[in-house]
Amino acid sequence: MSAEVLVFDILGAIAVLAAAGVVLARNPVHSALALVVSFVNVAAIYVILRAEFLAAAQIIVYTGAILVLVLFVIMLVDPDNLPEFHGGRPVQRLLALILGLALLGEVMAAILTRTIVGQPGPWSPQAVAAVGGNTQALGRVLYSGYVLPIQVTAVLLLAATIGALVLARPDTPRVRALVRDTATISLAHPRGSEMANGVEPALPALAAGQLKLEAGERTLVMAKSGDDFLDQPVWGERHQS
Amino acid sequence: MANWIFLIPLAPLIAAVVNFIFGRWYLRDRAHWLAILGVAISFGVSVAVVAQVARDEVALSQHLYTWIPAGDFQVPVTLTVDQLTAVMLLVVTGVSLLVHIYSVGYMHGDPGFYRFFAYLPLFVFSMLMLVLANNYLLLFVFWEAVGLCSYLLIGFWYRRRSAAQAAKKAFVVNRVGDFGFGLGVMLIFVHLGTLEYTGVFAQVGALPQGTITAIALLLFTGAIGKSAQIPLFVWLPDAMEGPTPVSALIHAATMVTAGIFMVARSWPIFAASPDAMLVVAIIGAATAFVAATIGLTQYDIKKVVAYSTVSQLGYMAFALGSGAWVAAIFHLTTHAFFKALLFLGAGSVIHAMHDEQDMRRMGGLKRHLPLTYWTFLIGSAANAGIFPLAGFWSKDEVIVGAWVGGRPIVAIVGLVAALFTSLYMFRVVFLTFHGPERFDAHTVHPHESPPVMAVPLLILSVGAVFAGFLGVPPERGVFHRFLEPVFSGHGAEVHHVSTATTLTFGLISTAVALAGLGLAYAAYVRGAIKPAVVAARLGPLYQLAYRRWYFDEIYEALIVHPLYRLSVWLWRVVDIGIIDGAVNGVAGLVNFTAQRWRRVQTGLVANYALAIALGTVIIVGVYLIVGSTLFQ
Amino acid sequence: MNWAAFLSNYIFAFIVLNVMLGLMAYMTYFERKVLAAMQDRVGPKRTGPFGLLQPIADGIKLLAKEDIVPKNADRLVFLVAPLLSFVLAPLSAAVIPFGGTVTVFGQEVNLYVADINVAVLYVLALGGMGVYGIILGGYASANRYSLLGALRSAAQVISYEIVLGLSLVGVFILSGTLSLVQILEAQQQPLSFGGVQVPNWYILSQPLGFVLFLIAAVAETNRAPFDLPEAESELIGGFHTEYSGFRFSFFFLAEYINMIAVSLLAATLFLGGTDGPIADGVWWLAAKAALFLFFYIWLRTTLPRFRYDQLMGLAWKVLLPLALINIALTGLIRLWGLGLL
Amino acid sequence: MSELTATHFLTLSAALFIIGMLGVLIRRNVLVIFMCIELMFNAVNVSFIGFAWEQHSLVGQTFALFIIAVAAAEAVVGLGIIMALSRRLDTVDIDQVHELRE
């Protein structure tokens, strides 16, 4: 048993135990802590696997950002009601355990009987060292063969950011319903220098309740369709014929 | 200069695009600077290019790129300037520039100011590409593009229902003509395998007579629509719903002459088909006559000028039909000056009268609008063909062309129409500017237009006075010598006109014009003839003219109404009954099935997760058994 | 395995750790003296000559205090949090190069603990981990103020960590490596412009990156004017309200060690680290780091605390775009320099 | 198993994955379920990097990098959803969320 295997066994055991702790802990904060431990150990295992860049990325992204966010949300959601909702669902627990064991059995069978097909790739440790280390080697692979996926990932991240903004936006259903139900046509909002004429805009006579002054100073005339005002001269338009 | 031709259409295009994108938020009231600059660049380059064409007497061309490279079918975008295009270039860019300047004053304060100055350069771009094209497909594309611009500008005040409908009408009526034009282009391609002018003209003589006639008539169908000939002229008077500068530029000086230009451009095709020529001449003469009669009876100042435009286009058409190509283009050129002048003058009057267009509520404006009066008078006289203004020379030449081209009846109809022309033109002048003030002086205070509107009027009136001298002496003027290379070869017939004939017709048309002037004076200034009495005496004939020969009513009854009924039937039965029924039926079926299946959804995420896990276990298991070597 | 090299490395690491701790103690003295001078006071002067024994007295006092655990606290987390902070803080010193290689007793000794090829990422990762001490401490105290301090800290550290990382990308582009030793080497070749020798320090080629790094680093270490997690005027003590005795001192120590570590890092990344004439490299590094430490204290006396929304707005709306612009510009210039444009 | 082989890593990966899966199936707190999903992501990464190490190929590491990026995106959106959920329904218990039933 080499020292490498010993180190791996220790790290792996801690990672698995911590992972079990994530599932078993009653308090979500403790779960998160256990997950941190698991992630850090997995990152250490990455270093054994000569993936130093990914180890750093793992810590920065997972532990440094995602889990901090999770903790943030845990504390924000309901700090007084954090303990887990226990009890109930005995059937599901049993089913889940059976399924988990079955999958474990299947996967272990696959792992233990596996054979390697195909040739080893070009990035032997010597080749990696020749270009200056794991980071440089990964960069070469990434920016030569995976430029499009990188850009797609960038777009994905942007989309996720926008999605998060939308989700986090406080929604006021009343306003949305109002906008949905009535199209708004602003006839009395001259834009630009037409105001200089000093002529009052010709507004159609309004039924009671049609005029909403909700959107600030600007007068909104609610109309069911543009046809209602088609024959109305627009602001500043010549009256012909 | 050939390498700079691309600037001519590009400059207005850039102006249009920039105004479209930035006009609404940034440029707003400054939008006109860019537009005028673009058109001015265009005009300047045109002048330089035309100067070179005139000096070297060869056509210039610049190949930009190949638009459609599909095997044998090549559509190059090549800008070509020969003498005919050169004339059109000067007319289009020159009048456009003046109208742009005029519009600054006319459209001032309109909320759509930037939009106007985006559409207008776009039109100029399309029109220039139309005249610069060297093949029929490009011509056709920009033929449609000018149609689009015309639509946009007629419907410029789109919130007014009448404007929106006039725009629609113009668009639909033009479609009829364009359809024929499109067919003609296809026919050319099918038979000749090319669409480039030079190739087509070189081969057209070899085709059978029937095919040539078919091509020529189909092409002329396009011209009927665009140049407002009978029976498709009904859109042009309605197009006066657009702003007046638009009427001046598009519906008088440039776009409507595209049909004339196209026929002149395709003259070898027409020249090869006497039947087609006859049709062109007849339709032109009929248009000239019918529109002139209608013009006599209208009271809307812009409508009169509009019918006058239709009538003058008729003159050009029958000149074409008589083989007097140069005369047609000459008349086109002079017409551009005086008709733009008339429209802009009418616009000035309307502007001064606070958007009043009915001549019955004008009168006596000479005192208030001296400049407008004099320029409008020059335009009217030019249009009426009073010696020695521009209209006299060109119209006279058109009529002489018809006479010597073997169409004496057409020439006589032209002379009759000339009488009417003179009569209605001076009717407008006298009704508007002379006599008592028939408007309410307390509410309306007529005032002369600002300089930015007056200057184009002055420049155009100079043109209206002197443009005719380009064609002096008749048949051998500068204009003719310049255009001669275009209309030679391809079996062109050259008619030599004796001096006696020229003189005779000059005298006759002068007499006719003066007769019209006299009649108008007698009726509307002296009151010697009572127009109402004459109208009553003529009875049905007057009604016929007043009701515009019932064209609109006939179309309404024969085409629009049946089509409307058919559409309603299609909507009620086919669309709602069959198409919607099928779609809703499918949806209903899905809904019915889904209602049966939805009980499977418990709404509990945990159950879904369990199902996913189960599926994973099963799939991995199946793979292990079937796909791997584990059990084999 | 070369046991001698291993041992020498270990000894060096031990020295670095202890020097850091000692420095940290006198950092508090330094801060109090400078603060006092700026505020026209005298500062500590009674304990020993010039008050030089003051840090030791403070240390003894803190260690001797009672260790109180609040009743409702999450006990395990409460006890672990300060340790976490304290243990992680000095680790970043491990990758700081204090000089080249010297020979001691015939044995080659590297004047750095480790040269790993992702050194900068390692430091950033440690920064990301460091926030756990604060969050967990705040959470475990079962105190509203502490929790608020913890939440603020979480949001602040995440936001500024992005800026911190991006502000360094320009340096990576120029040096082509993530290893601090190699970055240092890259800065030691002076540039010559027609006979004039200019040190190739990245503060000269990356001024914007340097400023961004400085701002983000101050925010990362929770120092004024970004000390919102412990804003005493609104949150009492923030995350360490409920801590006392040596657990409090751990948080306290961690903060100062972080300051020193960040100063060393800034000196190495932007000011050429050990590069300098005449004196030994270590002294240059110490002098440059001292400059930053003085800057920290200066900021504290000068600037008022940010409001919370201003803080986040600054990070996301000002610093982040600037950092991206800096990256784009640096990349373009680098491509141009390589003749690829 | 005296030498370190990819089998070690695959076993570790399988263990982590299945623990994560059990967590997703058993736990009721949405946040914990979310963390378990992250755990499963991580298990997959271990596999990828293990294979990459065994085969001297960096494609596995590249994949792992993309997975980390996607996980970040997923985390942002997922946590956003959880926030919205707790605002709307005032709970993070997954069994209380069954609006899809109707």
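Lettering of chains follows the sequences in order, A, B, ..., and the numbering in each one begins at 1.
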#### Entry: Residues C:L124, A:I59; criterion side-chain contact (heavy atoms from CB on, under 4.5 Å); working and verdict
CA-CA 9 Å; C:L124 290 177; A:I59 300 234; over 6 Å; no

### Query
How far apart are the C-alpha atoms of A:L71 and C:Y139, what are their side-chain angles, what is the distance that settles it, and do they pass the side-chain contact (heavy atoms from CB on, under 4.5 Å) test?
CA-CA 9 Å; A:L71 274 173; C:Y139 155 76; over 6 Å; no

### Query
After noting the C-alpha distance and the side-chain angles of C:I158 and A:F72, does the key distance pass the side-chain contact (heavy atoms from CB on, under 4.5 Å) rule?
CA-CA 11 Å; C:I158 287 185; A:F72 190 84; over 6 Å; no

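Looking at A:V68 and C:V157, their side chains never come closer than 4.5 Å, going by heavy atoms from C-beta outward.
Contacts with chain C (heavy atom to heavy atom, under 4.5 Å) involve these residues of residues 34-53 of chain A, listed by number: A:V36, A:V40, A:E52, A:F53.
Remark: A:M75 CE to C:L148 CG distance equals 11.0 Å, nearest 0.5 Å. Here the CD1-CE distance, from A:I60 to C:M129, works out to 11.5 Å after rounding to the nearest 0.5 Å.
C:Y132 places a side-chain N or O within 3.5 Å of a backbone atom of A:T63 that can act as its donor or acceptor partner.
Looking at A:L33, the atoms closer than 4.5 Å to chain C (heavy atoms on both sides) all sit in the side chain, from C-beta outward. Of the two parts of C:A140, neither the backbone nor the side chain holds a non-hydrogen atom closer than 4.5 Å to a non-hydrogen atom of chain A.
With respect to chain A, the highest number of heavy-atom pairs below 4.5 Å among C:T177, C:I135, C:L151 belongs to C:L151. Among C:L136, C:V77, C:V131, the residue making the largest number of heavy-atom pairs under 4.5 Å with chain A is C:L136.
Shortest non-hydrogen contact noted between A:A56 and C:A125 is O-CB, 4.5 Å.
At most 12 non-hydrogen atoms from other residues, nucleotides or ligands lie less than 6.0 angstrom from CD of A:E4.
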